[in-house]
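What follows is a short report on a single structure.
These numbers come from a predicted model, not from an experiment.
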Amino acid sequence: MPKININGKEIEFEPGMTILQACEIAGAEIPRFCYHERLSIAGNCRMCLVEMDKSRKPIASCAMPAAEGMNIKTNTEMVEKARKGVMEFLLANHPLDCPVCDQGGECDLQDQSLYYGVDKSRFSENKRFVSEKYMGPLIKTQMTRCIHCTRCVRFATEVAGVPEIGAIGRGENMEITTYLEKSMESELSGNVIDLCPVGALTSKPYAFSARPWELKKTESIDVLDAVGSNIRVDTYGWEVKRILPRLNEEINEEWISDKTRYSCDGLLKQRLDTPYIKKNNKLIKSSWDEALDVITKKLNETENSLIAGHIGDLVSLETTLAFKKFFELLGSKNLEFREKKFYINSEDKMNYLFNSSINGIEKSDLILLVGSNPRHEATILNARIRKAFRNNKTPIFSVGNPGDQTYEYKIIGDNTQTIKDIIEDKHEFNRIFNTAKKPLIIIGESALELNSGGFIFEELKNFLYQKKLISEKWNALNILIQNASTVGALDFKIQNKDKNNFEFFDNIKNNKFKLLYLLNSDNLKFEKNDEFIIYQGSHGDRGAEIADVVLPSAAYTEENGLYQNLEGRVQECRKASYPAGEALESWKVLNQLTNVYKNRNLFDSFNTLRNEALEKIVNFESLNKLPKFKEPSKKINNNFENENVNINPIDYYFSNSISRASKVMSECRDIKLKYQKSGTNN
């Protein structure tokens, strides 16, 4: 490996590195504003100046490739003077409004001006003023503060794949704008706030809410989709003030979706804070004792086979297991976690996982989407596909039309016959597929909902196994699950098996159940007849509207819990706040109900429940690790029908009870619908 001398210390570096990256290896701190390791190099701010032998002027270390034998100094008098000069220029037009700036306490400009700046300015001219730009309900702009680092421009173009931000004008008249001054439509737009090194782009919903040093910070995970993005929850007392991304190279890198970031105001609204009982067709406030007595009486009156339960999209592993144990106590097997009919085979764990892993997308040399829209089903996963497309020129194909994505793709068919032809090696796509060394097939829930869903999954799995593309080294079979609770529910066998796999849905459609227990379930669509419905959840959403008894429980930020993401990676969601009013943590509700019903507890403590849950997880390695690979079983499915592969639209900003309670998500949805009607949406 080549060597470079930095401050008298010789270090090795990888070919292609810049001087700035080599300095970081050597432990030398280099200030910067425009440089970001995940974005292309711009060389705008000139703050990263260093001294190089045989160069009369200091050089920008972020833009200069490191070379063998270079002698670099980062702390000389010349470097110090140059950096002070750059900082003086940057502050020449920057307003002195730090006390009212939301970036205060987390501002790169504040930090670096303290260590690398001067305590006075030689400029006596008036500071320039830049008019504010409208970027939608999420991003607040104060463009007079902008230092033209162009991080936001590069992020929108390169990572988000939606080039909505750009620079107009030259020199002092240069301005960052969305051109037409309309709302940003990328589902990743909020990340520009984290990237902005000054207070030019800040969070509009969070504006003037709190200072960073006032907030309690809790490391946790997001459960609003199945990706399991790593987040930090910042709370002030009971209120969740904001949610920020946490670095995890395996899953979300340092990005999170707008839904993850901004749904948190929904945690404060439409909350269930006391039990309710329906009397005279109205939900009336009640006590826990009365509500549990009503449920117990109804359970005793109802035949076990006529009692059913449904698990919602935000339920943890511990609560899922507790719910199953409760139904075992009732003697009922009528449990379901799916919100709609889609084929799933729970015999092998790989049958319901994203087996290539999110990080593995970057290693693939071909991607085939089958009935999937990754942009709305798993935004962060879609960013990895975009990264593979941009960095590796990975070709992307689709069966079915996924609509506008953040990368180019080719539709090779829109019906199940196309899939059958690929499986039988008859399609022209097979020529391209057969040359790929690490292809990747992503099957969406829309494809599994078809009558041919079983055929599509089983035969594609057999096809890949025959091609030796399902192994410990590379597994090309991927299911794009949409809900955070799905993988855990499948591991715990929350499903009453029957011939067609849909007995629960048939029974609920035919009103065969007399008592239905909805555990955080708000997206199950059915016509209520005379069923007695118990709803346990955190929000007064769709499930609570039809309930006869409502039991208030905690939201995901208010209780500890484990979740399995779509890769099968088990992660811990930590308690950052506490439940509203008289609401209890989900497992406590089930324990109390069992105590009233059978005069005993379901389990001794939360730790007992967690340990039992960890024992029951299939192929479990350890927390934050991918599951162990096991050879798959083979199953033939000949239930083929020639039908269109239509990808079901997702109401992205209203996909769960927390988002539906969020005012910010409501504004985003209204803007999206407005653009769709006018035909200007992305």
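Between P197 and F33 the shortest heavy-atom distance is CB-CD2, 3.9 Å. Scanning all heavy atoms of the two residues, the minimum distance from P402 to G400 falls at CD-O, 3.2 Å. C573 and Y556 get closest at one heavy-atom pair: SG-O, 3.3 Å. Nearest heavy atoms, L314 versus S657: CD1-OG, 4.2 Å. The two residues S257 and I380 have their closest heavy-atom pair at N-CD1, 3.7 Å. Contact detail for S659 and L224: the closest heavy-atom pair is OG-CD1, 4.3 Å.
Within a 6.0 Å radius of CD in E249, other residues, nucleotides and ligands contribute more than 12 heavy atoms. Surrounding NZ of K340 are more than 12 heavy atoms belonging to other residues, nucleotides or ligands, all under 6.0 Å away. When the shell of 6.0 Å around CD of E175 is examined, it contains more than 12 heavy atoms from other residues, nucleotides or ligands. The environment of NZ in K363 is sparse: at most 12 heavy-atom neighbours from other residues, nucleotides or ligands sit within 6.0 Å. With a 6.0 Å radius and a threshold of 12 heavy atoms from other residues, nucleotides or ligands, E14 has its CD atom at or below the threshold. Within a 6.0 Å radius of OH in Y236, no more than 12 heavy atoms belonging to other residues, nucleotides or ligands are found.
Under 3.5 Å, the side chains of S263 and S662 contain no donor-acceptor pair of N or O atoms. Inspection of the E250 and N624 side chains reveals no N or O donor paired with an N or O acceptor under 3.5 Å. Judged purely by distance below 3.5 Å, without hydrogens or angles, the side chains of S40 and E158 pair a donor atom with an acceptor atom. At a cut-off of 3.5 Å, with distance as the only test, a side-chain donor of T379 or Y652 sits close to an acceptor on the other residue. Under 3.5 Å, the side chains of E559 and S586 contain a donor-acceptor pair of N or O atoms. No hydrogens or angles considered: nothing links the side chains of D102 and S203 as a donor-acceptor pair under 3.5 Å.
Counting heavy atoms from C-beta on, the side chains of L188 and T406 never come closer than 4.5 Å. The side-chain heavy atoms of I367 and I442, taken from C-beta on, include a pair separated by under 4.5 Å. At a threshold of 4.5 Å between non-hydrogen side-chain atoms, the residues D222 and V227 do not count as touching. Considering only heavy atoms from C-beta on, R384 comes within 4.5 Å of E253 through its side chain.
Side-chain atoms of K217 come within 3.5 Å of backbone atoms of L215 as a donor-acceptor pair (strictly under, hydrogens ignored). Listed for the N401 side chain is a donor-acceptor partner under 3.5 Å among the backbone atoms of G403. With S356 contributing its side chain and N475 its backbone, the two residues share a donor-acceptor pair below 3.5 Å. When atom types are taken as modelled, the side chain of R151 and the backbone of Y35 share a donor-acceptor pair closer than 3.5 angstrom. Side chain of Y262 to main chain of L138: a donor-acceptor pair is present (N/O by atom type, distance under 3.5 Å, no hydrogens or angles). R154 contributes a side-chain N or O that, together with a main-chain N or O of T150, makes up a donor-acceptor pair within less than 3.5 Å. Of the possible donor and acceptor atoms, one in the side chain of S485 sits under 3.5 Å from a partner among the backbone N and O of G312. With hydrogens and angles ignored, the 3.5 Å screen pairs no side-chain donor or acceptor of Q103 with any backbone N or O of A200. Proximity of a side-chain donor or acceptor of N191 to a complementary backbone N or O of I256 within less than 3.5 Å is detected. Here the side chain of S186 pairs no donor or acceptor atom with the backbone of V162 at under 3.5 angstrom.
Here the CG-CG distance, from D225 to L566, works out to 8.0 Å after rounding to the nearest 0.5 Å. Remark: M64 CE to I41 CD1 distance equals 11.5 Å, nearest 0.5 Å. Within the model, atoms CD of Q482 and OG of S655 stand 9.0 Å from one another, a figure rounded to the nearest 0.5 Å. Note that the OG atom of S189 and the CE atom of M184 stand 5.0 Å from one another [nearest 0.5 Å]. Residue E445 holds its CD atom at 9.5 Å from OG of S372, rounded to the nearest 0.5 Å. Note that CD of E187 is 10.0 Å distant from SG of C668, once rounded to the nearest 0.5 Å.
Partner of E362 under the salt bridge (charged side-chain N to carboxylate O under 4.0 Å, His left out) criterion, out of K387, K438, R390: K387 alone. A salt bridge (charged side-chain N to carboxylate O under 4.0 Å, His left out) with D541 is found for exactly one of R660, R271, K269, namely R660.
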| task | Apply the test side chain to side chain contact (heavy atoms under 4.5 Å, CB included) to residues H148 and C146: give CA-CA distance (whole Å), side-chain angles for both, the deciding distance (0.1 Å), then the verdict. | result | CA-CA 6 Å; H148 302 157; C146 180; 3.5 Å; yes

| request: Go through the steps to decide whether L195 and W255 satisfy the test side chain to side chain contact (heavy atoms under 4.5 Å, CB included), and finish with yes or no. | output: CA-CA 10 Å; L195 287 170; W255 321 122; 4.0 Å; yes

| query | Given R242 and D234, is the salt bridge (Lys or Arg N to Asp or Glu O under 4.0 Å) satisfied, shown in steps? | reply | CA-CA 5 Å; R242 63 177 181 177; D234 286 2; 2.8 Å; yes

| said: Please evaluate residues R145 and D97 with respect to the criterion salt bridge (Lys or Arg N to Asp or Glu O under 4.0 Å), reporting the C-alpha separation (whole Å), side-chain torsions for both, the decisive distance (0.1 Å), and the verdict. | reply: CA-CA 9 Å; R145 299 172 184 156; D97 60 353; 2.9 Å; yes

| message | Using side chain to side chain contact (heavy atoms under 4.5 Å, CB included), reason through E185 and K672 one step at a time and then give a plain yes or no. | response | CA-CA 7 Å; E185 293 172 47; K672 184 179 179 181; over 6 Å; no

| message | I'd like to know whether T557 forms a side chain to side chain contact (heavy atoms under 4.5 Å, CB included) with S220, so could you lay out the CA-CA distance, the side-chain angles of the two residues, the decisive distance to 0.1 Å, and finally the verdict. | response | CA-CA 8 Å; T557 55; S220 188; over 6 Å; no

| task | Take E132 and K204 through the test salt bridge (Lys or Arg N to Asp or Glu O under 4.0 Å) and record every step on the way to the result. | result | CA-CA 13 Å; E132 302 318 325; K204 195 176 275 188; over 6 Å; no

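A salt bridge links D404 with R375: the distance from a Lys NZ or Arg NE/NH1/NH2 to an Asp or Glu carboxylate oxygen falls below 4.0 Å. For E24 and R32, the salt-bridge test passes: some basic side-chain N is under 4.0 Å from an acidic carboxylate O. Salt-bridge formation is detected for the pair R261/D194: a Lys NZ or Arg NE/NH1/NH2 atom is positioned less than 4.0 Å from an Asp or Glu carboxylate oxygen.
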